[in-house]
Amino acid sequence: GAGVSQTPSNKVTEKGKYVELRCDPISGHTALYWYRQSLGQGPEFLIYFQGTGAADDSGLPNDRFFAVRPEGSVSTLKIQRTERGDSAVYLCASSLEANSEAFFGQGTRLTVV
Amino acid sequence: GDSVTQMEGPVTLSEEAFLTINCTYTATGYPSLFWYVQYPGEGLQLLLKATKADDKGSNKGFEATYRKETTSFHLEKGSVQVSDSAVYFCALSPLSGGYNKLIFGAGTRLAVHP
């Protein structure tokens, strides 16, 4: 498809486990963003990539969260030692350039039990 | 820091009613302002935007005007349809770093009944 693709769509994991969430941006988009949306809230910024590099990771809540984009396309958000408070919908967005319109994926719903 | 406040929902209207969803913001500098919509089972979609004071964004019958003097960006539609039922998010982008880092409000759920 032509849109931003996120996998899996749903992930249930046990407290303390490690998870990886994948984002396939729109082809050719250089900018990629991760957001987290808790129930009843708006999305909150986590990290921004321009190409392969994380240009702004100021929204990552702590060092259990890490994201990579090794080839400047697909990105993976990694969460270590998951906690119940990490349960949320994780959204990925991409844009053609840094200040152009962001297109969002449908998100990955993470549930930590 | 920068923030967005929007009216709490849910907002329940009959078809063809007039819609207003209030949004105010706090920001240093001159942010760009956005309304995003999330239809059931779908991802966030950009509905409209305005990049400077007094700009009016419009799309699909929705409008919002960037009011710097009142730091507001209220969403309006003259006649809503059942298909407009969704969650609406007001957002700003400081663009201070030259990239589109979005700060969202909490969202307002709109339900339109026939």
Side-chain angles (χ1 to χ4, degrees), chain A residues 1-10 21 23-26 29-51 53-60 67 69 88-109, chain B residues 1-10 21-27 29-52 57 59 73 75 86-110:
Chain A
V4 177
S5 176
Q6 291 187 246
T7 53
S9 55
N10 279 284
L21 312 179
C23 172
D24 281 86
I26 294 172
H29 280 197
T30 63
L32 185 145
Y33 304 81
W34 284 98
Y35 290 82
R36 178 169 71 173
Q37 186 174 14
S38 300
L39 190 63
Q41 301 297 315
E44 293 179 304
F45 171 82
L46 295 177
I47 187 168
Y48 156 63
F49 286 90
Q50 181 58 44
D56 181 352
D57 64 357
S58 61
L60 294 178
R69 195 186 185 199
V89 176
Y90 289 82
L91 299 171
C92 177
S94 71
S95 60
L96 186 61
E97 299 171 338
N99 61 355
S100 57
E101 179 184 346
F103 293 85
F104 283 80
Q106 294 195 31
T108 294
R109 181 177 300 279
Chain B
D2 296 349
S3 66
V4 174
T5 303
Q6 58 183 109
M7 65 188 286
E8 290 188 22
I21 301 178
N22 290 338
C23 171
T24 57
Y25 68 91
T26 301
Y30 302 94
S32 292
L33 301 175
F34 305 82
W35 277 99
Y36 278 81
V37 59
Q38 190 168 35
Y39 297 104
E42 299 185 16
L44 277 168
Q45 301 174 24
L46 178 63
L47 180 60
L48 53 84
K49 69 177 183 181
T51 58
K52 62 183 187 296
N59 186 25
F73 193 55
L75 182 68
V87 182
Y88 292 81
F89 292 92
C90 185
L92 69 82
S93 176
L95 282 177
S96 56
Y99 56 97
N100 210 355
K101 175 179 179 177
L102 294 164
I103 297 167
F104 288 87
T108 302
R109 182 175 299 277
L110 170 66

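A, B, ... follow the sequence lines: proteins, then strands. Residue 1 opens every chain.
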S100(A), part contacting chain B, at a heavy-atom distance under 4.5 Å: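 Only the backbone of S100(A) comes within 4.5 Å of chain B.
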Is S9(A) in contact with chain B via its backbone, its side chain, both, or neither, using a 4.5 Å heavy-atom distance?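 For S9(A), no heavy atom lies under 4.5 Å from chain B.
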Can you name the residues that form a side chain to side chain contact (heavy atoms under 4.5 Å, CB included) with E44(A), not counting sequence neighbours?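 Scan of E44(A) (side chain to side chain contact (heavy atoms under 4.5 Å, CB included), adjacent residues dropped) gives none.
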With rounding to the nearest 0.5 Å, note down the distance linking OH in Y35(A) to CG in L102(B).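 So the gap between those two atoms works out to 4.0 Å.
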Spacing of CG belonging to L46(B) relative to CZ belonging to F104(A), to within rounding of 0.5 Å: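 With rounding to 0.5 Å, CG (L46(B)) is 9.5 Å from CZ (F104(A)).
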Check this for me: Y30(B), atom OH, are more than 12 non-hydrogen atoms of other residues, nucleotides or ligands nearer than 6.0 Å?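 Count not over threshold, so no.
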Looking at E8(B), I want to see if its CD is surrounded by more than 12 non-hydrogen atoms of other residues, nucleotides or ligands under 6.0 Å.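 Atom CD in E8(B) is not packed in, count stays at 12 or less.
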Please report the shortest heavy-atom distance between Q37(A) and F89(B), naming the atom on each side.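 Closest approach of Q37(A) to F89(B), heavy atoms only: NE2-CZ, 3.3 Å.
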Where is the tightest heavy-atom contact between Y36(B) and A102(A), given as atom of each residue plus distance?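 Looking at all heavy atoms of both residues, the closest pair is OH-O, 3.8 Å.
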Which residues share a salt bridge (Lys or Arg N to Asp or Glu O under 4.0 Å) with D56(A), sequence neighbours left out: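 Partners of D56(A) by the salt bridge (Lys or Arg N to Asp or Glu O under 4.0 Å) criterion, ordered by chain and then number, come out as K101(B).
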Proximity breakdown for Q38(B) and chain A, heavy-atom pairs closer than 4.5 Å: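 Just the side chain, heavy atoms under 4.5 Å.
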